[in-house]
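In listed order, ligands and their atoms are each counted from 1. Worth knowing before you read on, the calculation uses all heavy atoms, side chains too, and leaves out hydrogens, waters and symmetry mates.
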Amino acid sequence: MREQLLAAEKVQAIDWRDGALHLLDQRVLPFEQSWHVCRSAAAVAEAIRLMVVRGAPAIGISAAYAVVLGARARVAAGGDWRAALEADFQVLAESRPTAVNLFWALNRMRERMARIKEGEDPVALLESEALGIHQSDREANLTMAQIGVDLIRKHQGNRQNLLTHCNAGALATGGFGTALGVIRAAYLEGLVERIYVDETRPWLQGSRLTAWELAGEGIPVSLNVDSAAAHLMKTRGITWVIVGADRIAANGDVANKIGTYQLAVNAMHHGVRFMVVAPSSTIDMALESGDDIPIEERDASELLELNGQRVAAGVDALNPVFDVTPADLVDFIVTEKGVVERPDAAKMARLMCRKRLH
Ligand code: MRU
C-alpha cells in the first residue's frame, strides 16, 4: 500500500527551493494557486501568523526552514550569530500559540544549533536538520495512514461514511495528511462510501481546503455546515469521525480546531467512533492535561465579516479557534509510534517511550 499512498501525494504546500521557502497561499485556495515566497525568518513568522501556511505539522516544518533563513542572515552579518538568532526564535515562537509542533520544531533546531562545532558550516547543518524534519513528517503520514486503515477495517469492515473537521491533509503537513491521510488510504482500500466535511467556521478550512483536496482526487465528498454534524450522524450512517490535532496533553486530552469537542460529544452519543491522527511531535508531555493548553483567539472580524462585508449585528464576538476534547471521549489516538486506545496518562507515557514504527 505504501507505493499507492506515495502516488496519492499530489498536493504539496511547502517547497524549500533556491534558498527560499515557497508556501502555497492557503488564504486564497481553492480559487487561486499562488506561491508566497519567504526569504527571512520574520517573513515566515508573518506567514504563519496570517495563515498563509496553517495546520500543526506544516507550521512546525515552516518554522524549521525559517531558522535556516535566520541563520543564513545572522552568519552573513558576522559576530555572534547564535545570540543574534535568538531574536528569530522569539519571533517565530510568538507567531501562533496552540500547535505544539511549532515549539517542537524550534527546540529541534535549537538543539542542532547547540551541537554545531567551530569550523562547521552552520547553515548547511541547520538546513539538513530542517529537511530531516520535513521528510520524517512525510514518513509519519504514511505510517499513520496504514495504522488508521487497519483500525477501520478491524472495527467496521467495508464502505464507511466518515466525517472530518478542518483540514488535516496535504496542506497541513509535509506529506498527504494525518486524518486525511487515513481517509485517503481508506478510500484507496475500497473502504469509503462518502466523506462528510464540516465547513469549519469561520476560516472555512473544510469547504476551501479539505473539500478541494478530496474532490481533486475523485473521492466522494459532501460538505455540511458544522452544526449539521449531529443530524448527519443520526441520519447518514456515519461510523467514524477522523480528525487531526494541534496539541495532545500527557493525559490524552486533544486540542484541535474549534468544534472538534462537540463532534466528540455527539459521536459518543451516536455510537460513532472517534479517531485522532497526529504525529508524536503533536504530543506535549510537559502539559498534564488539556486545561493547560493555550487556546488561540483570533480577531472578531473573522466572525463579524464575510469578504470584508459586515454580516453581524453591532456586538462583540468571541473567536477561540481551538477547543479541547477530553481524553475519555477519544477512542483512538493514531501516531507514527503506534495507537493508543481510550487514552490516559499511563498509556500516553508508554507510547512516547516507543520508537517510530517505520
Ligand atoms: O487554524 P488551523 O487551520 O491551523 O488549524 C488546523 C487544525 O486544527 C488541524 O486539524 C490540525 O492542525 C491538524 S493538521 C494535520
Side-chain angles (χ1 to χ4, degrees), residues 11-14 23-27 29 47-63 95-105 134 137-138 140-145 148 163-184 197-213 226 241-248 254-264 274-284 290 293-299 302-303 319-325 330 333-336:
V11 175
Q12 205 194 11
I14 303 172
L23 299 168
L24 185 57
D25 191 340
Q26 302 195 32
R27 298 168 302 177
L29 280 172
I48 294 172
R49 196 178 65 75
L50 296 175
M51 297 183 50
V52 172
V53 59
R54 32 71 43 207
I59 292 172
I61 294 163
S62 302
S95 57
R96 287 191 80 188
T98 303
V100 77
N101 309 58
L102 170 69
F103 308 98
W104 173 88
H134 194 166
D137 187 64
R138 190 171 175 231
N141 285 183
L142 291 168
T143 306
M144 292 186 289
L163 186 140
T164 191
H165 189 69
C166 194
N167 173 269
L171 294 167
T173 64
F176 73 171
T178 57
L180 276 201
V182 171
I183 288 171
R184 283 192 160 97
V197 175
D198 283 355
E199 65 173 346
T200 318
R201 286 279 298 150
W203 215 75
L204 304 179
Q205 288 94 332
S207 50
R208 295 193 305 104
L209 309 177
T210 299
W212 177 71
E213 280 196 41
D226 300 344
V241 171
I242 306 181
V243 292
D246 288 84
R247 196 184 296 225
I248 301 175
V254 175
N256 190 48
K257 180 53 56 194
I258 192 78
T260 304
Y261 177 23
Q262 64 195 19
L263 279 182
F274 191 85
M275 185 196 300
V276 176
V277 189
S280 57
S281 53
T282 305
I283 299 173
D284 186 351
I293 298 176
I295 298 295
E296 177 181 6
E297 299 225 4
R298 292 186 71 86
D299 203 278
E302 290 184 356
L303 269 79
N319 189 18
V321 297
F322 298 99
D323 60 24
V324 176
T325 299
V330 175
I333 295 178
V334 173
T335 76
E336 82 286 9

**Student:** For atom 13 (C) of ligand 1, what's the nearest protein heavy-atom neighbour? Residue, atom name and distance, please.
**Tutor:**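 In this structure, atom 13 (C) of ligand 1 has A245 O, 3.4 Å as its nearest protein heavy atom.
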
**Student:** Please list, in number order, the atoms of ligand 1 under 4.0 Å from a heavy atom of A172.
**Tutor:**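 Under 4.0 Å from A172, ligand 1 has these atoms: 14 (S), 15 (C).
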
**Student:** One residue to check: H165. Relative to ligand 1, which of side chain, backbone, both or neither has a non-hydrogen atom less than 4.0 Å away?
**Tutor:**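 Near ligand 1, H165 shows nothing, with every heavy atom at 4.0 Å or more.
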
**Student:** Got the closest protein heavy atom to atom 10 (O) of ligand 1, with its distance?
**Tutor:**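 Checking every protein heavy atom, the shortest distance to atom 10 (O) of ligand 1 gives N256 OD1, 2.6 Å.
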
**Student:** Determine whether the side chains of T210 and Q205 contain a donor N or O and an acceptor N or O closer than 3.5 Å.
**Tutor:**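 No pair is found: no donor N or O on one side chain lies under 3.5 Å from an acceptor on the other.
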
**Student:** Within the 4.5 Å heavy-atom criterion, are V276 and N256 side-chain neighbours or not?
**Tutor:**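 No, every pair of side-chain atoms sits at 4.5 Å or beyond.
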
**Student:** Please could you name the atoms of ligand 1 that M51 approaches to less than 4.0 Å, counting only its heavy atoms?
**Tutor:**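 In order of numbering, the contacting atoms are 1 (O), 3 (O).
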
**Student:** Should you measure from each heavy atom of R96, which atoms of ligand 1 turn up under 4.0 Å away?
**Tutor:**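 Counting from 1, the qualifying ligand atoms are 1 (O), 2 (P), 4 (O).
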
**Student:** Would R247 and W104 count as a cation-pi pair here, with the cationic atom under 6.0 angstrom from the ring centre and within 45° of the axis?
**Tutor:**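 No, cation not above the ring by the 6.0 Å, 45° rule.
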
**Student:** Quick one: does S62's side chain have a donor or acceptor within less than 3.5 Å of a partner on G60's backbone?
**Tutor:**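 Such a contact is absent between S62 side chain and G60 backbone.
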
**Student:** Using a 4.0 Å heavy-atom cut-off, which part of P57 comes near ligand 1: side chain, backbone, both, or neither?
**Tutor:**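 It is the side chain that gets close, since no backbone atom is under 4.0 Å.
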
**Student:** So, is A56 polar-close to ligand 1, with some N/O to N/O distance under 3.5 Å?
**Tutor:**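 Between A56 and ligand 1 (N or O atoms, distance only) the closest approach is under 3.5 Å.
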
**Student:** Counting only N and O atoms by type, is there a donor-acceptor contact under 3.5 Å from the side chain of D323 to the main-chain atoms of Y261?
**Tutor:**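 Side chain of D323 to backbone of Y261: a pair is present.
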
**Student:** Are R184 and E213 ion-paired here, with the side-chain N under 4.0 Å from a carboxylate O?
**Tutor:**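 Between E213 and R184 there is a salt bridge, with a charged N closer than 4.0 Å to a carboxylate O.
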
**Student:** Counting distance only, does the side-chain N/O of D137 pair as donor-acceptor with the main-chain N or O of G174 below 3.5 Å?
**Tutor:**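 Yes, because the side chain of D137 sits within donor-acceptor range (under 3.5 Å) of the backbone of G174.
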
**Student:** Near A168, which atoms of ligand 1 are under 4.0 Å from a heavy atom of that residue?
**Tutor:**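 Result: 14 (S), 15 (C).
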
**Student:** Looking only at atom types and distance, does a side-chain atom of R54 sit under 3.5 Å from a main-chain N or O of R49, one as donor and one as acceptor?
**Tutor:**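 Checked: no pair found.
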
**Student:** Just heavy atoms, cut-off under 4.0 Å: does T173 contact ligand 1 by side chain, backbone, both, or neither?
**Tutor:**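 It is the side chain that gets close, since no backbone atom is under 4.0 Å.
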
**Student:** Do me a favour and list the nearest non-hydrogen protein atom to atom 15 (C) of ligand 1 with residue, atom name and distance?
**Tutor:**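 Nearest neighbour among protein heavy atoms for atom 15 (C) of ligand 1, to 0.1 Å: T178 OG1, 3.1 Å.
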
**Student:** Tell me the contacting part of Q205 for ligand 1: side chain, backbone, both, or neither, using a 4.0 Å heavy-atom threshold, strictly below.
**Tutor:**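 Answer for Q205: side chain.
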
**Student:** Where does F322 meet ligand 1, judged by heavy-atom distances below 4.0 Å: at the side chain, the backbone, both, or neither?
**Tutor:**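 Side chain only.
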
**Student:** Between R298 and E296, is there a salt bridge with N-O shorter than 4.0 Å?
**Tutor:**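 Salt bridge: yes.
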
**Student:** Just need the protein heavy atom nearest to atom 5 (O) of ligand 1, so name the residue and atom and give the distance.
**Tutor:**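 Ranked first by proximity to atom 5 (O) of ligand 1 is K257 CE, 3.3 Å.
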
**Student:** Decide whether the shortest distance between a heavy atom of E296 and an atom of ligand 1 is less than 4.0 Å.
**Tutor:**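 It does not; every heavy atom stays at 4.0 Å or beyond.
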
**Student:** Would you say D246 touches ligand 1, if touching means a heavy atom closer than 4.0 Å?
**Tutor:**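 Yes.
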
**Student:** Answer yes if the side chains of E302 and N319 hold a donor-acceptor pair under 3.5 Å, and no otherwise.
**Tutor:**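 There is such a pair between these side chains.
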
